[in-house]
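Just below is one structure, and these are the notes that go with it.
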Amino acid sequence: MSDTTSEDLKPSIPVGISACLMGQKVRFDSGHKRSVYCLKVLSECFDFKPFCPEVAIGLGTPREPIRLVGEPEAPRALGTRNAELDVTDKLADYGQMIAENHKELCGYILMKGSPSCGMERVKIYHQNGIPNTAGSGIFAAEIMKHNPALPVEEEARLNDAVLRENFITRVFAYYKFKQEVEAEPTLHNVLQYHSRVKYQLMAHSYEGYRELGRYLAQDAPQLPLEEVMQHYLLTLMNHLKSRANRKSHTNAMMHIMGYMKRDLDTETKQDLLQAIDQYRTNQVHLAVPITLLKHYLKRHGNEYIRSQAYLDPYPHELGLRNYI
């Protein structure tokens with residue numbers, strides 16, 4: 001996998017997004033929640049597809065606000081002033097329709113706290129108006145239910161550098177799977193894809209790295225291809241949700257460095273080991289050892305190790321590894 005250039009930042013990856021985050025005045029008060037990061041940064045590589053489920057089901061702007069009421073397992077979306085306004089089924093049906101009719105989406109960014117679009121921790125109230133517990137918005141729950149492998153995140157959580165990097169990593173991994181496997185589905189292409197994401201997966205979950213390796217070697221050859229692809233993608237995405245940390249990144253980098261151990265002189269090895277250890281001990285950000293590692297891989301690495309998605313999981317212009 002070659003280094004990413006600025007050309008790769010052109011909008012290409014279809015990602016769903018709550019319309020209010022795009023600056024559309026679709027909220028109950030005719031306002032919006034415009035996300036500067038989404039519009040100014042992520043729009044360079046994501047082709048955003050905005051949806052507002054509340055407007056789509058016929059609620060106007062401005063409108064009576066809705067909230068989640070009832071049991072945590074099956075709350076209802078009711079009007080805050082008129083409890084007879086119940087739009088639960090309409091929101092759920094719309095969510096299912098979007099999930100089934102927009103298979104091209106490679107991720108989804110949702111509005112925090114929304115009774116329709118909130119990913120998690122949305123307030124659920126008792127019938128008397130007292131807060132009860134928290135859950136997911138009705139529309140968001142359907143999106144996640146009908147495409148459990150789809151990378152989903154709330155816009156507010158993108159302010160966290162680790163969560164931001166994790167989500168974008170998953171979107172690009174999902175997109176590459178659609179390009180490299182779904183576009184031409186064969187077991188060989190699944191295996192080729194896996195060979196390129198092995199160390200990326202290791203950095204997030206060593207257990208997942210071993211689990212998927214065993215599955216592809218032992219089970220996959222005897223199973224229907226469609227089943228293998230679905231199982232592989234869902235398992236991969238679930239393991240990539242685990243947040244890579246300094247210990248797991250260090251482990252992945254040491255494994256990659258091992259491919260050059262016979263070709264590097266002692267001084268170069270020490271430079272690399274020092275940079276990796278400085279990262280491990282929180283003295284530098286991940287970009288420092290990764291840049292050095294890539295520099296020497298260009299000279300001494302073989303095609304297999306240079307093709308690892310871990311080295312370039314997304315356009316380096318995003319600068320995500322400068323903050324983790």
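Counted within 6.0 Å of OH on Tyr37, heavy atoms from surrounding residues, nucleotides or ligands total more than 12; the atom is thus considered enclosed. The environment of Lys123 atom NZ is sparse: at most 12 non-hydrogen atoms of other residues, nucleotides or ligands sit within 6.0 angstrom. Counting heavy-atom neighbours within 6.0 Å of Lys25 NZ, excluding the residue itself, gives a total of 12 or less. Surrounding CD of Gln222 are more than 12 heavy atoms belonging to other residues, nucleotides or ligands, all under 6.0 Å away.
By the 4.0 Å N-to-carboxylate-O rule, Lys90 lies too far from Asp93 to be salt-bridged with it. We find that Arg243 and Asp160 are not joined by a salt bridge, their nearest charged nitrogen and carboxylate oxygen being 4.0 Å or further apart. Ionic pairing of Lys261 and Asp263 is not present here: no N-O contact between side-chain nitrogen and carboxylate oxygen is shorter than 4.0 angstrom. Taking the charged nitrogens against the carboxylate oxygens, Glu155 and Lys112 have no contact shorter than 4.0 Å, which rules out a salt bridge. Taking a cutoff of 4.0 Å between a charged side-chain nitrogen and a carboxylate oxygen, Glu180 and Arg196 qualify as a salt bridge. Using a 4.0 Å cut-off between a side-chain N of Lys or Arg and a carboxylate O of Asp or Glu, Arg214 and Asp219 do not qualify as a salt bridge.
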Run the side-chain hydrogen bond (donor to acceptor under 3.5 Å, both in side chains) check on His194 and Gln192 step by step: do they pass? CA-CA 5 Å; His194 181 69; Gln192 288 294 104; over 6 Å; no
Taking it one step at a time, do Asn282 and Arg246 satisfy side-chain hydrogen bond (donor to acceptor under 3.5 Å, both in side chains)? CA-CA 8 Å; Asn282 203 21; Arg246 290 182 181 268; 2.8 Å; yes
Take Gln200 and Gln308, measure what side-chain contact (heavy atoms from CB on, under 4.5 Å) needs, and give me the verdict at the end. CA-CA 8 Å; Gln200 187 175 42; Gln308 287 301 307; over 6 Å; no
Before giving the answer on side-chain hydrogen bond (donor to acceptor under 3.5 Å, both in side chains), spell out for Gln270 and Gln274 the whole-Å C-alpha distance, their side-chain angles and the decisive distance to 0.1 Å. CA-CA 6 Å; Gln270 288 304 313; Gln274 182 180 27; over 6 Å; no
Worked verdict on Glu207 versus Ser205 for side-chain hydrogen bond (donor to acceptor under 3.5 Å, both in side chains): CA-CA 5 Å; Glu207 175 189 347; Ser205 170; 5.0 Å; no
Would you please test Val181 and Met229 for side-chain contact (heavy atoms from CB on, under 4.5 Å) and show each step? CA-CA 8 Å; Val181 180; Met229 289 170 58; 3.9 Å; yes
Yes or no on side-chain contact (heavy atoms from CB on, under 4.5 Å) for Met237 and Lys241, after CA distance, side-chain angles and deciding distance? CA-CA 6 Å; Met237 289 295 122; Lys241 285 181 184 178; 5.7 Å; no
Apply side-chain contact (heavy atoms from CB on, under 4.5 Å) to the pair Lys247 and Arg280, showing each step before the final yes or no. CA-CA 6 Å; Lys247 180 180 178 180; Arg280 182 187 65 83; over 6 Å; no
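For the 3.5 Å distance criterion, the side chains of Thr268 and Asp271 fail to qualify, holding no donor opposite an acceptor. A donor and an acceptor atom, one from each side chain of Glu165 and Thr169, are located under 3.5 Å apart. Between the side chains of Ser248 and Asn245, at least one donor N or O sits under 3.5 Å from an acceptor N or O. Looking only at atom types and distance, the side chain of His146 has a donor-acceptor partner in the side chain of Glu142 under 3.5 Å away.
Residues Ile305 and Asn302 form a side-chain contact, since some pair of their non-hydrogen atoms from C-beta on lies under 4.5 Å apart. Between Gln24 and Pro50 there is a side-chain heavy-atom pair separated by less than 4.5 Å. Looking only at side-chain heavy atoms (C-beta outward), Leu318 and Cys45 come within less than 4.5 Å of each other. At least one side-chain heavy atom of Leu236 sits under 4.5 Å from a side-chain heavy atom of Leu212. In this structure the side chain of Leu68 reaches within 4.5 angstrom of the side chain of Ile138, judged on heavy atoms. Between Val36 and Arg34 there is a side-chain heavy-atom pair separated by less than 4.5 Å. Looking only at side-chain heavy atoms (C-beta outward), Arg170 and Glu153 come within less than 4.5 Å of each other. Side-chain atoms of Ile109 and Leu42, non-hydrogen and from C-beta on, do get closer than 4.5 Å to each other.
Follow the hydrophobic side-chain contacts under 4.5 Å out from Ile324 and you reach Ile256 in the same cluster. Met119 and Ile143 fall within a single hydrophobic cluster, where Ile, Leu, Val, Met, Phe, Trp and Tyr side chains are chained together by heavy-atom contacts under 4.5 Å. Placement of Leu163 and Leu240 in two distinct hydrophobic clusters is found when ILVMFWY residues are connected by side-chain heavy-atom separations under 4.5 Å, directly or transitively. Both Tyr94 and Val122 belong to a common hydrophobic cluster when Ile, Leu, Val, Met, Phe, Trp and Tyr are linked at side-chain heavy-atom distances under 4.5 angstrom. Using a 4.5 Å cut-off between side-chain heavy atoms of Ile, Leu, Val, Met, Phe, Trp and Tyr, with links allowed through other members, Val15 and Met22 fall into the same hydrophobic cluster.
Remark: the backbone N or O of Lys103 is paired with a side-chain donor or acceptor of Lys178 at under 3.5 angstrom. One N or O on the side chain of Asp86 and one on the backbone of Thr88 form a donor-acceptor pair closer than 3.5 Å. When atom types are taken as modelled, the side chain of Arg299 and the backbone of Tyr296 share no donor-acceptor pair closer than 3.5 angstrom. Not one N or O on the side chain of Ser116 forms a donor-acceptor pair closer than 3.5 Å with the backbone of Gly137. A donor-acceptor pair under 3.5 Å is formed between the side chain of His255 and the backbone N or O of Asn251.
How far CD1 of Ile168 is from CG of Leu158: 6.5 Å, rounded to the nearest 0.5 Å. Between Ile124 atom CD1 and Glu73 atom CD the span is 8.5 Å, to the nearest 0.5 Å. Annotation: the span from Leu85 atom CG to Leu59 atom CG amounts to 6.5 Å, rounded to 0.5 Å. Separation of atoms CD (Glu54) and OG1 (Thr61) is listed at 11.0 Å; rounding is to 0.5 Å. To the nearest 0.5 Å, the span separating OG on Ser195 from CG on Leu216 amounts to 10.5 Å. Here the CG-CD1 distance, from Asn147 to Ile98, works out to 13.0 Å after rounding to the nearest 0.5 Å.
With respect to Ile290, the side-chain contact (heavy atoms from CB on, under 4.5 Å) criterion is satisfied by exactly one of Arg321, His285, His295: Arg321.
The side-chain contact (heavy atoms from CB on, under 4.5 Å) search around Val284 returns Gln278, Tyr279, Val288, Pro289, not counting sequence neighbours.
In this structure, Arg306 forms no cation-pi arrangement with Tyr259, as its terminal cationic atom is not both closer than 6.0 Å to the ring centre and no more than 45° off the ring axis. Cation-pi geometry between Arg67 and Tyr125 is met: under 6.0 angstrom from the ring centre, within 45 degrees of the axis.
Here the two rings, on Phe177 and Tyr193, have centers that are under 6.0 Å apart. Checked against the 6.0 Å centroid criterion, the rings of His239 and Tyr209 do not qualify as a close aromatic pair.
Relative ring orientation between Phe172 and Phe46 is described as tilted, the plane-to-plane angle lying within the 30° to 60° band.
Shortest non-hydrogen contact noted between Leu201 and Gly208 is CD2-O, 3.5 Å.
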